[in-house]
S.K.: 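Could you have a look at this structure, given as structure tokens, before my questions?
Chain A is the first sequence line, chain B the second, and so forth, proteins listed ahead of strands; every chain is numbered from 1. Keep in mind that the numbers below use all heavy atoms, side chains included, and drop hydrogens, waters and symmetry copies.
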Amino acid sequence: MLNNVLGIINVIENEQTLGELTEQRSLAAVPMGGRYRVIDFPLSNMVNAGIKSIGIFTHYKMGSLVSHLKNGREWNLDTKRRGLFFLSPDFSKYLFSPNKWDVSHFTTRLGYIKTSTRNYVLITGCNIICNIDYQKVGKFHQEKGAQITAVYKEILPEEKEKYSPYLSFRISEESRIREVNSTPPPSGKDNMCVEMFFLSRQLLLELIDTCVKQNKWDLVRDGLLGNLRDIKVYGYHFPGYLAKINSLSNYYRHHMDLLQPKVWRELFFAAGPIYTKAKDSVPTKYLADASVQNSLVANDCIIGGKVENSIIFRGVKIGKGAHIKNSIILEKGIIDNYSRVDYALLDKEVRVTKGKEVSGTDDAPVVIRKQNII
Amino acid sequence: MLNNVLGIINVIENEQTLGELTEQRSLAAVPMGGRYRVIDFPLSNMVNAGIKSIGIFTHYKMGSLVSHLKNGREWNLDTKRRGLFFLSPDFSKYLFSPNKWDVSHFTTRLGYIKTSTRNYVLITGCNIICNIDYQKVGKFHQEKGAQITAVYKEILPEEKEKYSPYLSFRISEESRIREVNSTPPPSGKDNMCVEMFFLSRQLLLELIDTCVKQNKWDLVRDGLLGNLRDIKVYGYHFPGYLAKINSLSNYYRHHMDLLQPKVWRELFFAAGPIYTKAKDSVPTKYLADASVQNSLVANDCIIGGKVENSIIFRGVKIGKGAHIKNSIILEKGIIDNYSRVDYALLDKEVRVTKGKEVSGTDDAPVVIRKQNII
Amino acid sequence: MKKEWIALVMAGGQGTRLGFLTQTLAKPAVSFGGKYRIIDFTLSNCSHSGIDTVGVLTQYQPLVLNSYIGNGWHWDLHHSGGGVTVLPPYVKMQGGEWYRGTANAVYQNLEFVDIYNPDYVLILSGDHVYKMDYSLMLDFHKMKKASATVAVIQVPWAEADSFGIMECDPEGKIREFEEKPLKPKSNLASMGVYLFNRTFLEEYLERDNQDSSSQHDFGKNVIPAMVRARESIYAYPFHGYWKDVGTIENYWQANMDLLGPEPLLNLNDPEWPIYSENPNQPPLYLGPSAKVTNSLINEGCVIYGEVDHSVLFPAVTVGAGAVIKNSILMPQVQVEPGTRIENAIVDENGIIYVRKEGERIKGYA
Amino acid sequence: MKKEWIALVMAGGQGTRLGFLTQTLAKPAVSFGGKYRIIDFTLSNCSHSGIDTVGVLTQYQPLVLNSYIGNGWHWDLHHSGGGVTVLPPYVKMQGGEWYRGTANAVYQNLEFVDIYNPDYVLILSGDHVYKMDYSLMLDFHKMKKASATVAVIQVPWAEADSFGIMECDPEGKIREFEEKPLKPKSNLASMGVYLFNRTFLEEYLERDNQDSSSQHDFGKNVIPAMVRARESIYAYPFHGYWKDVGTIENYWQANMDLLGPEPLLNLNDPEWPIYSENPNQPPLYLGPSAKVTNSLINEGCVIYGEVDHSVLFPAVTVGAGAVIKNSILMPQVQVEPGTRIENAIVDENGIIYVRKEGERIKGYA
């Protein structure tokens with residue numbers, strides 16, 4: 001177990017990417033997979049590997065995140081020593097950089113890193129959804145004698161677009177990272193950096209210090225991956241299913257992936273369970289005319305109509321004769337009798353009134369804002 | 001018990017007033033009384049009156065506040081329904097008003113007030129330290145048939161200066177507030193508004209709405225106390241001990257007040273206990289040469305020297321031959337052997353090295369910044 | 001630590017009539033309704049009624065129940081100065097003895113009651129399924145200036161002989177209390193919910209303890225003795241769903257009562273949620289060939305087959321072509337493709353109890 | 001829910017030699033050191049040693065102990081899939097019986113052990129005061145490929161006759177184990193800390209259960225039987241402070257061992273804090289005439305008098321002119337002005353036990 005590791009989850013993600021969904025919440029708090037939020041995945045992965053000390057680097061709109069995670073109870077992080085910490089800078093003083101890996105995000109939280117008693121650090125972003133066994137990463141790090149281990153994913157030529165922008169690795173046979181590019185090679189497979197870095201806490205502090213002294217500002221490009229010759233940076237390949245939540249269409253597509261039982265099983269069970277805030281939910285009730293196929297349904301719903309190829313979050317009510325297809329209905333949506341929803345993404349508490357129709361296309365699913373009534 | 005009341009603690013206090021002490025923390029998180037923080041007093045008063053639903057209106061520097069209160073466990077607010085909520089606006093969008101009672105602080109959190117199922121609201125600021133029985137305020141409100149009850153404190157002519165600025169009430173014989181002034185009357189006693197208001201949730205929503213429509217911006221002056229003729233606003237007199245933390249000299253003076261057993265007993269026990277974050281502290285150890293008089297000492301200290309008229313916070317170590325007088329030593333201070341501290345306020349983790357002297361005067365106690373070494 | 005009232009929940013019974021369900025479990029710990037355990041109803045009622053101090057008296061197979069109750073977190077009963085306390089029999093200076101009946105169990109825990117110095121003591125049963133606001137009963141009790149109040153519900157006359165039956169005067173004062181009478185004089189049945197003035201209760205328990213002919217049971221001995229002595233005992237009429245799930249038939253029926261658009265027992269009540277442990281399972285997956293109707297199904301299930309008029313606990317798998325009807329599938333049950341299960345209760349170990357309309361239940365492994 | 005190891009803590013003893021301190025309390029629940037309860041040491045040791053599953057076996061006056069242990073929050077032992085479970089005796093399908101000795105208590109709870117399917121079982125006592133990293137003992141046990149390992153400490157030869165004494169070969173394998181020998185052959189005493197391979201333990205407990213001549217005690221019966229059978233039982237030497245606080249004299253001495261700049265038992269150890277309930281009391285107030293030396297004093301006290309070489313629990317009041325020396329004042333004790341208390345233990349009810357150097361303790365109310 002990685003109990004000698006300090007986990008850092010940097011949730012300073014670009015907030016524009018998910019459009020309407022991130023208007024009132026940070027990316028980390030975006031609902032995901034029927035009953036989760038984005039943060040649950042990176043956080044559960046750390047907890048499942050035995051990491052007991054985790055700092056969340058927050059920025060704006062942290063309200064929904066704090067009330068989701070609270071004291072970390074559901075992640076077994078409500079402990080007397082270590083546990084979960086929210087680290088927000090002083091916004092009244094601080095010029096906030098929109099760059100996720102700006103060194104200033106780290107210098108303003110340096111005290112937390114310095115006073116930790118853990119020997120290692122695992123730093124991740126927040127927009128990669130997967131179920132990864134970080135114990136294997138730690139083992140790989142030891143076996144390779146690496147100073148830094150960066151996790152990457154081999155992607156197919158046709159996947160490059162959906163994951164862009166990303167850092168591309170050129171990796172030697174013995175897994176050492178030789179080159180980093182911000183433009184992917186024009187043809188062939190590629191190695192995508194997934195922004196998960198494992199290194200000693202000491203080295204992280206040194207790299208931050210060096211960046212500051214040399215007036216460099218990107219911790220990943222200039223710090224962690226800035227000196228591949230002198231610092232032994234190894235690439236650990238994650239072979240599993242992985243989604244990058246960097247656009248509404250990826251968000252939609254990823255949810256449709258979950259309808260493959262193989263993906264469902266892997267994402268929710270592979271290296272350990274994904275934890276989320278517990279709610280006192282009632283098992284979902286299916287009425288006499290319900291007909292649900294190839295769909296995911298969370299608890300607390302009442303299903304009276306027809307549902308196909310869709311993800312139904314908690315607390316959704318679907319009336320008799322209503323027909324939902326190829327859609328994602330977030331928490332507490334109400335779909336009245338005889339209404340139709342196709343290729344749509346309904347934010348929380350949207351209501352589609354009796355007989356109305358909401359439909360988009362596969363390429364451009366329609367998005368309905370929180371609490372709207374159609 | 002006031003379980004039908006929504007509590008709102010507005011911690012948007014002026015951050016400059018406590019100088020060095022509020023450089024890195026909000027006023028609400030300033031250490032107080034040996035082992036507490038400022039927020040513990042208003043919060044415990046609400047909890048002791050049976051209020052189970054409490055929203056904290058936060059602003060900048062909320063980090064230390066969140067990690068102090070966490071899920072509200074020590075205040076019995078870690079419940080499945082209701083409980084403690086942090087309400088911060090979206091700093092990326094919002095023009096933050098430094099005025100504590102700016103209506104915008106309420107409009108940006110309107111959803112919280114609207115969705116509450118409680119019938120009443122108790123709104124307070126955060127810089128008044130006292131132990132008040134809010135059940136009595138609720139009873140007074142009912143008995144008077146008040147629409148709004150505002151708590152006030154009768155103060156002596158010589159106290160006006162230390163409490164300024166404040167709103168002054170002219171109050172009728174049957175306790176109705178007839179006039180509000182921002183300049184106190186030139187002579188005689190005065191009735192100071194202590195920024196605690198009890199009213200129905202419905203009326204609060206109406207008052208906010210009216211302010212917005214009339215383009216008025218101060219919820220207290222324009223809203224709660226803006227229409228004394230048509231709205232029945234009553235004044236409830238709080239007769240007990242009360243300190244206003246609005247300057248370093250008041251902060252110092254208030255701590256010296258705590259050395260009166262009567263004040264100590266009233267502030268910590270009158271209407272109920274003051275709760276704070278639990279720590280695994282060891283009882284304080286007094287060594288062979290210890291000599292402590294007229295002082296307050298928290299746990300986790302090791303006292304080897306002489307202490308007089310002082311407040312010693314948790315985790316302070318005082319060496320042999322050291323002599324502390326008329327001082328406040330915040331958490332984890334280290335006072336080495338044979339050093340002297342007089343009329344001083346030492347922030348957290350200050351170290352006074354062997355034989356050194358730190359001294360100020362009664363009027364101007366010296367303040368040493370966090371983690372400084374003298 | 002003075003409290004106005006506290007509750008004591010009887011959870012020590014062996015529940016032999018629930019057969020395999022209680023072989024390794026106390027009856028109140030038996031799973032129910034696709035998610036809950038039976039005791040959730042009583043403890044949620046306490047929580048919502050404003051009772052913050054609850055003792056749970058256990059002695060039979062309490063391992064699961066004790067660890068489930070924990071510090072009462074699930075029901076918001078975990079706060080300092082109260083909360084839930086599990087009360088097993090124990091050894092005192094003068095030795096230890098097992099609980100010999102509901103009244104004796106309370107008698108042995110009077111020391112616990114004294115800690116909180118309550119004015120009223122509410123005695124509850126941990127194995128009934130209902131939603132009830134006990135604070136209304138307390139109001140009634142105070143209004144009547146009663147020494148004890150017994151909650152009652154009207155039952156069908158034909159079933160009255162299996163309950164404790166009360167006869168009352170027009171004011172609601174109980175004139176007669178008969179446990180399982182051959183010829184019931186009324187159809188007002190005791191729900192096993194008793195509210196006592198504390199000193200009054202202590203007095204009668206002391207007396208009952210010295211009565212060697214007593215079975216030390218509230219329904220059989222203590223309440224009848226109070227009524228016989230013409231004490232001020234009132235019946236508090238309750239209107240709503242209430243079920244003693246002490247037999248397989250009743251247990252099965254109570255589960256089925258949750259189904260349909262307007263179920264007899266409504267769990268989707270935001271004013272009175274039933275608190276429980278919340279298992280961490282991903283959303284239910286329904287495959288391309290799934291058909292699910294008239295059912296209550298929890299998260300974590302994977303369904304390719306057909307489910308009708310059934311209750312499924314978390315993480316159940318139903319293979320393609322399987323048909324589940326009128327059945328209850330406990331957590332983790334795996335139904336192989338093509339299997340047909342009707343009128344049955346299936347537990348984790350694959351034990352199936354088949355229920356036939358109007359007949360006794362027979363079981364096989 | 002497979003675990004590598006779990007711990008079982010014996011907390012059922014009556015502790016009669018602690019007199020008034022255990023009249024209404026199990027011994028592990030007795031207050032200690034100005035803040036703690038005795039069991040805090042064992043549970044903190046478990047927590048810091050990385051044991052996340054602990055069963056606490058109780059049967060004597062467990063009310064305070066049970067509610068104190070709660071869900072294990074105080075010791076970070078509250079997490080799902082483990083944590084602390086209180087294990088009282090209970091009724092099974094075939095009836096119930098009280099614990100008849102430490103070994104029988106564990107035997108009756110083998111079902112609990114089975115839930116976690118551990119490789120190793122650590123048996124601990126809830127009434128010893130010490131700081132010990134059990135994970136080092138586990139390393140030793142694995143290295144020796146032992147079937148059982150007994151933690152031992154060197155005691156003064158003069159006291160060896162009051163302990164379980166071991167004789168070992170040069171490898172540390174135990175050749176002989178004698179409980180309270182008249183003529184001790186060594187001064188290596190058992191600390192009551194036993195680590196067993198689980199299947200090995202179960203086998204011997206089964207055998208012990210069938211032996212009608214056995215007192216079903218680990219020290220008296222089970223360990224000697226294993227040693228006699230020449231099983232692979234090793235002694236793990238512990239160096240550090242360890243005290244069985246089972247007598248008033250030892251209890252008093254262990255409290256005094258906390259005093260001074262370099263105490264025998266150091267509580268101010270950031271690497272090994274002793275977890276406990278944290279009472280909510282304001283800082284201690286020392287009046288103008290107070291004089292406090294060589295003492296350990298908790299928050300909430302109000303002191304106008306003189307305190308020397310003493311331990312004061314929270315919320316104690318010492319009036320002006322009162323003198324406290326070599327004493328232990330339990331929570332809430334009020335000492336009137338001018339009173340003199342020396343060599344005493346005073347509890348909340350004003351009961352004072354006076355201790356005299358070298359003499360037996362006598363008590364009066």
Side-chain angles (χ1 to χ4, degrees), chain A residues 32-36 40 44 73-75 131 255 258-269 272-304 307-317 319-320, chain C residues 32-36 40 44 47 73-76 255 258-263 265-270 272-304 306-317:
Chain A
M32 196 84 211
R35 57 196 288 279
Y36 306 89
D40 295 338
S44 300
R73 181 179 185 275
E74 281 91 353
W75 294 264
N131 192 320
H255 274 93
L258 287 178
L259 298 178
Q260 300 165 38
K262 198 185 145 291
V263 172
W264 181 87
R265 201 164 297 278
E266 180 186 332
L267 193 65
F268 294 121
F269 296 102
I274 304 302
Y275 302 99
T276 190
K277 185 176 176 176
K279 290 199 178 152
D280 283 286
S281 60
V282 179
T284 280
K285 184 181 283 184
Y286 300 80
L287 302 179
D289 301 315
S291 165
V292 188
Q293 281 89 33
N294 200 38
S295 293
L296 292 184
V297 184
N299 270 355
D300 250 347
C301 299
I302 298 180
I303 313 274
V307 180
E308 289 172 277
N309 306 325
S310 295
I311 319 286
I312 310 296
F313 280 64
R314 284 168 171 170
V316 170
K317 294 191 178 31
K320 194 171 160 168
Chain C
F32 180 84
K35 169 174 185 182
Y36 308 91
D40 287 335
S44 298
S47 182
W73 161 271
H74 298 316
W75 311 276
D76 264 354
N255 275 280
L258 303 170
L259 303 180
E262 279 166 32
L265 175 57
N266 178 22
L267 298 173
N268 299 75
D269 178 355
W272 208 271
I274 302 305
Y275 291 147
S276 187
E277 187 172 35
N278 290 297
N280 183 46
Q281 288 284 342
L284 161 76
Y285 173 70
L286 291 123
S289 56
K291 184 162 172 24
V292 174
T293 43
N294 290 312
S295 293
L296 204 60
I297 308 192
N298 210 324
E299 292 172 334
C301 294
V302 176
I303 298 178
Y304 290 94
E306 202 175 307
V307 179
D308 182 50
H309 205 260
S310 294
V311 173
L312 272 62
F313 283 79
V316 166
T317 306

S.K.: Side chain from CB out, backbone as N, CA, C, O: work out which of these in C:L258 comes under 4.5 Å of a heavy atom of chain A, or both, or neither.
M.R.: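 Backbone of C:L258 only, per the 4.5 Å heavy-atom cut-off to chain A.
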S.K.: Would you indicate whether the side-chain heavy atoms of C:N278 and A:K277 approach each other to under 4.5 Å?
M.R.: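 In short, these two side chains do not touch, never coming nearer than 4.5 Å.
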S.K.: Side chain from CB out, backbone as N, CA, C, O: work out which of these in C:V302 comes under 4.5 Å of a heavy atom of chain A, or both, or neither.
M.R.: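 Just its side chain gets close to chain A.
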S.K.: Identify the heavy atoms of A:P261 and C:Y304 that sit nearest to each other, and give their distance.
M.R.: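 Answer, listing the atom of A:P261 first, then C:Y304: CG-OH, 3.3 Å.
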S.K.: Heavy atoms only, distances under 4.5 angstrom: which of A:L258, A:T284, A:D289, A:V292 has the most pairs with chain C? Name it, please.
M.R.: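 Option with the top pair count is A:T284.
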S.K.: Starting at OG1 of C:T293, measure out to CD1 of A:I303 and round the result to the nearest 0.5 Å.
M.R.: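 Those atoms lie 13.0 Å apart.
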S.K.: Of all heavy-atom pairs between C:P283 and A:G33, which one has the smallest distance, and what is that distance?
M.R.: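 Nearest pair, atom of C:P283 first, then A:G33: CG-O, 3.2 Å.
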S.K.: Between C:E299 (side chain only) and A:A298 (backbone N and O only), is there a donor and an acceptor less than 3.5 Å apart?
M.R.: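 No, the answer is negative, given that no donor and acceptor are paired below the 3.5 Å cut-off.
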S.K.: Measuring heavy-atom distances to chain A, does C:P273 have an atom under 4.5 Å in its side chain, in its backbone, in both, or in neither?
M.R.: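 Nothing of C:P273, per the 4.5 Å heavy-atom cut-off to chain A.
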S.K.: For the interface with chain C, which of A:I302, A:V297, A:T276 has the highest count of heavy-atom pairs at distances below 4.5 Å?
M.R.: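 Top count of heavy-atom pairs under 4.5 Å with chain C: A:V297.
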S.K.: With only heavy atoms counted, which part of A:Y275 is less than 4.5 Å from chain C, the side chain, the backbone, both or neither?
M.R.: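 Both the backbone and the side chain of A:Y275 come within 4.5 Å of chain C.
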S.K.: Can you see which heavy atom on A:W264 is nearest to which on C:P282, and at what distance?
M.R.: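 That would be CZ2-CG, 3.7 Å.
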S.K.: Let me confirm one number: the OH-CG distance from A:Y36 to C:N280, rounded to the nearest 0.5 Å.
M.R.: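 Separation between the atoms: 5.0 Å.
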S.K.: Once salt bridge (charged side-chain N to carboxylate O under 4.0 Å, His left out) is applied, do any residues pair with C:D40, and if so which ones, sequence neighbours excluded?
M.R.: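 In terms of salt bridge (charged side-chain N to carboxylate O under 4.0 Å, His left out), with neighbours along the sequence ignored, C:D40 is linked to no residue.
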S.K.: Please say which of C:I297, C:N294, C:L296 ends up in a side chain to side chain contact (heavy atoms under 4.5 Å, CB included) with A:Y286.
M.R.: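 The single option meeting the side chain to side chain contact (heavy atoms under 4.5 Å, CB included) with A:Y286 is C:I297.
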S.K.: Among A:N309, A:N299, A:D300, single out the residue with the greatest number of heavy-atom pairs under 4.5 Å to chain C.
M.R.: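 Option with the top pair count is A:N299.
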S.K.: Given a strict heavy-atom distance threshold of 4.5 Å, which part of A:I274 is in contact with chain C: side chain, backbone, both, or neither?
M.R.: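 Backbone only.
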S.K.: Show the nearest heavy-atom pair for residues A:Q293 and C:A290, with the distance to one decimal.
M.R.: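 Answer, listing the atom of A:Q293 first, then C:A290: NE2-O, 2.8 Å.
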S.K.: Top residue by heavy-atom pair count (under 4.5 Å) with chain C, among A:C301, A:G304, A:S291, A:A288?
M.R.: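 The residue among A:C301, A:G304, A:S291, A:A288 with the greatest pair count is A:A288.
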S.K.: Return the CH2 to CG distance between C:W75 and A:D280, rounded to the nearest 0.5 Å.
M.R.: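 Answer rounded to 0.5 Å: 10.5 Å.
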S.K.: Is it the case that the side chain of A:K285 and the backbone of C:G260 share a donor-acceptor pair, with hydrogens and angles ignored and the cut-off at 3.5 Å?
M.R.: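 Between the backbone of C:G260 and the side chain of A:K285 there is a qualifying donor-acceptor contact (under 3.5 Å).
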S.K.: Chain A heavy atoms under 4.5 Å from C:P279: which part of the residue, side chain, backbone, both or neither?
M.R.: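 Only the backbone of C:P279 comes within 4.5 Å of chain A.
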S.K.: Pair up each side-chain donor or acceptor in residues 310-317 of chain A with any protein partner under 3.5 Å, not counting sequence neighbours, and list the distances.
M.R.:
residue : atom : partner : partner atom : Å
A:S310  : OG   : A:E308  : O            : 2.7
A:S310  : OG   : A:N326  : N            : 3.2
A:S310  : OG   : A:S327  : N            : 3.0
A:S310  : OG   : A:S327  : O            : 3.4

S.K.: At a 4.5 Å cut-off on heavy atoms, which part of C:Q281 comes close to chain A: side chain, backbone, both, or neither?
M.R.: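 Backbone plus side chain of C:Q281, per the 4.5 Å heavy-atom cut-off to chain A.
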S.K.: I'd like to verify something: which residue of C:L284, C:L259, C:N268 has the highest number of heavy-atom pairs under 4.5 Å with chain A?
M.R.: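 Looking at each of C:L284, C:L259, C:N268 in turn, C:L284 comes out on top.
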S.K.: Which residue out of C:G287, C:G300, C:S276, C:P263 racks up the most heavy-atom pairs below 4.5 Å with chain A?
M.R.: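 Heavy-atom pairs under 4.5 Å are most numerous for C:G287.
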S.K.: What residue in A:L259, A:V307, A:L267 has the most heavy-atom pairs under 4.5 Å with chain C?
M.R.: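 Answer, by heavy-atom pair count under 4.5 Å with chain C: A:L259.
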S.K.: For C:F313, is it the side chain, the backbone, both, or neither that has a heavy atom closer than 4.5 Å to a heavy atom of chain A?
M.R.: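 C:F313 has no heavy atom closer than 4.5 Å to chain A.
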